[in-house]
**Student:** 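To start, I am sharing the structure in question, which I have written as structure tokens.
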4 protein chains.
Amino acid sequence: MAIKNLQDLFSESLDETQLTAKQKAVLRASLKLFSDKGFDRTSTSDIAQLAGVSEGTVYKQFKTKDGILAAILGPFVQQVIPRAASEFSETITATTYPSFEEFLRTVIKNRIIFVIDNQRQLRIVLQEIITDNNMRQTFTKLIQELVSGPLGQAITHYQQAGLIVQWPVLRVFHYIAATIMSYAIPVALAGSSINTQKATDEAAEFLLKGLKP
Amino acid sequence: MAIKNLQDLFSESLDETQLTAKQKAVLRASLKLFSDKGFDRTSTSDIAQLAGVSEGTVYKQFKTKDGILAAILGPFVQQVIPRAASEFSETITATTYPSFEEFLRTVIKNRIIFVIDNQRQLRIVLQEIITDNNMRQTFTKLIQELVSGPLGQAITHYQQAGLIVQWPVLRVFHYIAATIMSYAIPVALAGSSINTQKATDEAAEFLLKGLKP
Amino acid sequence: MAIKNLQDLFSESLDETQLTAKQKAVLRASLKLFSDKGFDRTSTSDIAQLAGVSEGTVYKQFKTKDGILAAILGPFVQQVIPRAASEFSETITATTYPSFEEFLRTVIKNRIIFVIDNQRQLRIVLQEIITDNNMRQTFTKLIQELVSGPLGQAITHYQQAGLIVQWPVLRVFHYIAATIMSYAIPVALAGSSINTQKATDEAAEFLLKGLKP
Amino acid sequence: MAIKNLQDLFSESLDETQLTAKQKAVLRASLKLFSDKGFDRTSTSDIAQLAGVSEGTVYKQFKTKDGILAAILGPFVQQVIPRAASEFSETITATTYPSFEEFLRTVIKNRIIFVIDNQRQLRIVLQEIITDNNMRQTFTKLIQELVSGPLGQAITHYQQAGLIVQWPVLRVFHYIAATIMSYAIPVALAGSSINTQKATDEAAEFLLKGLKP
DNA sequence: GATGAATGAGGTTTCATTCAT
DNA sequence: GATGAATGAAACCTCATTCAT
């Protein structure tokens, strides 16, 4: 049945430093298998085998198979999504980036690096979003918060400064997200490598033109 | 294990008109369940129950659970993907669309309508692309053919006419695809409704600006 | 569960001349499949397919799968086993064969020809004897009757005439049967061909020596 | 589908001492059921019930139903058939048995004892030989090797010593085998008891006469 | 008489989970 | 903490049999 909602994930909050070597091996094996074959097509015995531990050990720390998923996705959404929010918050409150281009480049680059660093987690999240209603709702809400929160404020800021076109914030956000995804998806799905700087330059160039007032 | 490759799907080629009412019900139920809960989380007894038939009936026509998936996805890739190709071919060979804008609008509109009409199939295909290596490879190849074929020629055509910027064809394609997807994905995933005309206008407006020479 | 006992077979007593062409095809297909793959590994749909009829037709004449087995084995035991008995009866009552050698040659030849003509049926019977308790008992009884009946009388006759050794009738019977089987089994199991006359000569030569007084 | 060939059996080579009590119970129950009702008429739930374990346990050690068959027949062919070969080898190379009668008695006795000890396994093998093509071929080859190998040499030896008749080796072998089987088959099929010494005496007496030069 | 779609009981197999050692 | 044998529910699938056409 997989995860109920992201709130549950937060509550797990397992301290990775408390895990034994074997338990970490279980997490590592699960990450690989879940992202390669999918959560449902991975058996706990697959995990035990790849991790080089007994089946019992798999269940020692993580009470259920869902628990493993939570332990993998927990840190991911817990540490990374908030980081995105605060990152945007800073950009606007501190007005660190006076020009829209600089802001755009930072956002694009960060997101591309993030995707590269979290390919496997992303693939697992993607699976769950498609198959799990709760997961879908949670992520929808998360994006809404992002748009109505820090990122939305940033966009509004640049619009008021006359630096970008006066379309609804959500529309602008969609285009930025889609353009980044056009670079990120091949990486996430096929695991192909990418030149981060070149990708950033290209995406920024296109978006600057497309969003010019 | 799910589908091996799209070639297999073609060979299935089951004539839907030959199916009995109950077998069609099986297909309908499977489409709903696979797209809602995912292939792996749907049991054949779920399907039988929703279709109002016995489990035996599920297996009478579609020898395996994978066979049902093939029967659903077969017509989808068989009839629709080629249609997309021929659609682009015609646009360019007949130079039916003298202006890039008109071309763009047609492409965008067609794709959005396609997504709306095939939400469930798309979600299933998406699942498989994420979890199934063969499916992933097949689709990668398919896109390559599209870009190096009719659609690529169309883009080149407009570039030579000086109507769009001189970026590599693949890059231009990515932006068009990504922009369309920014409208299509919410529909496909959340099943939200959409104003096709408005979406087409907006996407065309953004792309025209972004791809201006 | 297969056949209950041979008495049931007799009661079937279906007149082969009453069968339609399709029903005969069912019997022919069943004979081949049962003897090749075994009764349990043959499905009624296998039979229908090989016979070129619908599954319904298979059940029109033969109410159950066991019914088909009965229809195949019925004539076999019904017509052939009794024939064996009467054959022996005649040999002794009519004293058609004054010499033991002539008697032996006739018996051996007849049995070998019988095996060649009924390879498939024999294989099916053999299967059932091994797996079915009732079948086993029935055949044990049948042999006992044969030995205590006509064949036993024949052996006794030749013993009293001083033509063969004075061992118990059952023991003599066993050796004769075993020697014949040493030629019959390869034929029945592997379907290998055989020179009937040569086999008869050899078997008779060995048995005459072995059973000499 | 049952076993592919005897080579596969050898490779199984599961160390019976490594099996847990429950797994041995599974093997014991399977041996009884397969030999009583036949492989195909025995369900894995039958086995679990008789063994007093869960169905899952049946599959823990023996991955498939065929795997159980292999685990039963493996040791049988692995340990016993070679023993037969070496037994004959010794008789001739060491010329332990100067008289043909002594040789014959040893062979007969050993085979009868073997049959008594392995009734159930033999019945299972018999089933497979009748229904499974590969099993049939494997056993045919095995017998050919026996005849062209140690046993054939022994027979030739006694022929050259003028102790038995000058018939082809295969023919002599057939008569010996058939005579032994005339005692073994009732035991194997009906499970009837037998006086080994008496049977040996009788069989030897008959064969000595029948094979006298 | 013939068809073949439909049934459902039951077979084989998988797998998340538990627990004694 | 770690093991792996054991469990049993539930998954996928087969097949003898029925019945409306």
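The figures that follow rest on heavy atoms only: side chains count, while hydrogens, waters and symmetry mates do not. Throughout, a chain's letter reflects where its sequence line sits, starting with A, and its residues are numbered from 1.
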**Student:** Return the pairing partner of E:dT3 with a 3.5 Å limit on both distances, Watson-Crick or G-U wobble; otherwise return none.
**Tutor:**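 With both distances under 3.5 Å, E:dT3 matches F:dA20.
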**Student:** Which nucleotide sits closest to the side chain of A:Glu55: E:dT13, E:dT17, E:dT3?
**Tutor:** E:dT17
**Student:** Send over the distance from A:Ile47 CD1 to F:dG4 C1', rounded to a whole Å.
**Tutor:** 16 Å
**Student:** Contact between D:Asp40 and C:Gln127 at the side-chain level, heavy atoms closer than 4.5 Å - yes or no?
**Tutor:**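 Counting from C-beta outward, D:Asp40 and C:Gln127 never come under 4.5 Å.
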**Student:** When the distance from CG of A:Leu33 to C1' of E:dC15 is rounded to whole Å, what number comes out?
**Tutor:**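 These atoms are roughly 15 Å apart.
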**Student:** When you measure from the side-chain N and O atoms of D:Lys60 to the phosphate of E:dC15, is any distance below 4.0 Å, counting only OP1 and OP2?
**Tutor:**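 It does not, given that no N or O in the side chain of D:Lys60 lies less than 4.0 Å from OP1 or OP2 of E:dC15.
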**Student:** Between P on E:dG10 and CZ on D:Arg41, what's the gap in Å once rounded to a whole number?
**Tutor:**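 In whole Å, E:dG10 P and D:Arg41 CZ are 17 Å from each other.
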**Student:** Let me know the distance between CZ of D:Phe62 and P of F:dA6, rounded to the nearest Å.
**Tutor:**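 The distance from CZ of D:Phe62 to P of F:dA6 comes to 10 Å, rounded to the nearest Å.
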**Student:** Return the nearest nucleotide to the side chain of C:Thr44; candidates are E:dT12, F:dT3, F:dA16.
**Tutor:**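 Closest nucleotide to the C:Thr44 side chain: F:dA16.
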**Student:** Is the shortest side-chain N to carboxylate O distance from B:Asp36 to B:Arg120 below 4.0 Å?
**Tutor:** yes
**Student:** Does C:Val58 or D:Ser45 map to a spot on DNA chain E nearer the 5' end, using the closest nucleotide for each?
**Tutor:** C:Val58
**Student:** Validate the cation-pi geometry between B:Lys65 and B:Tyr59: distance from NZ or CZ to the six-membered ring centre under 6.0 Å, angle to the ring axis within 45°.
**Tutor:** no
**Student:** Ignoring the backbone of A:Val53, work out which of E:dT3, F:dT3, F:dG1 is nearest its side chain.
**Tutor:**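 So the side chain of A:Val53 is nearest to F:dT3.
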**Student:** Taking only side-chain nitrogens and oxygens of B:Gln23, does any of them come within less than 4.0 Å of OP1 or OP2 of E:dA6?
**Tutor:** yes
**Student:** Roughly how many Å is it from NZ in C:Lys65 to C1' in F:dT17, rounded to a whole number?
**Tutor:**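 About 12 Å, once rounded to whole Å.
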**Student:** Judged by each residue's nearest nucleotide on DNA chain E, which is more toward the 5′ side, C:Gly52 or D:Tyr59?
**Tutor:**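 The answer here is C:Gly52.
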**Student:** Tell me the interatomic distance from B:Asp40, atom CG, to F:dA10, atom C1', rounded to whole angstroms.
**Tutor:** 15 Å
**Student:** Taking NZ, NE, NH1 and NH2 as the nitrogens, is one of them in D:Asp132 or C:Lys37 under 4.0 Å from a carboxylate oxygen of the other?
**Tutor:**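 No salt bridge links D:Asp132 with C:Lys37.
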**Student:** Report the C-alpha distance between B:Phe139 and B:Val125 in whole Å, list the side-chain angles of each, state the deciding distance to 0.1 Å, and finish with yes or no for side chain to side chain contact (heavy atoms under 4.5 Å, CB included).
**Tutor:** CA-CA 10 Å; B:Phe139 263 87; B:Val125 167; 3.7 Å; yes
**Student:** Should D:Lys22 be listed as having a side-chain N or O under 4.0 Å from OP1 or OP2 of F:dA6?
**Tutor:**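 No, because none of the side-chain N or O atoms of D:Lys22 sits under 4.0 Å from OP1 or OP2 of F:dA6.
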**Student:** F:dA11, E:dT13, F:dA16: which one has an atom nearest the side-chain heavy atoms of B:Ser43?
**Tutor:**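 Taking heavy atoms from C-beta onward, the closest nucleotide is F:dA11.
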**Student:** Between OG1 of D:Thr57 and CD1 of D:Ile47, what distance do you get to the nearest 0.5 Å?
**Tutor:**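 Separation between the atoms: 12.5 Å.
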**Student:** Specify the separation, in whole Å, of atom CG of A:Asp66 and atom P of E:dT17.
**Tutor:** 7 Å
**Student:** Please confirm whether the shortest side-chain N or O distance from A:Thr57 to OP1 or OP2 of F:dG1 is below 4.0 Å.
**Tutor:**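 Checking F:dG1 against A:Thr57, no side-chain N or O comes under 4.0 Å of OP1 or OP2.
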**Student:** Starting from the 5' end of DNA chain F, give me the residue, D:Ser54 or A:Gly56, whose nearest nucleotide shows up first.
**Tutor:** A:Gly56
**Student:** Atom NZ of D:Lys37 and atom C1' of E:dG11: how far apart are they, to the nearest Å?
**Tutor:** 12 Å
**Student:** Applying a 3.5 Å limit to both distances, which nucleotide forms a Watson-Crick or G-U wobble pair with F:dA9?
**Tutor:**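 Across any shown strand, F:dA9 pairs with E:dT14.
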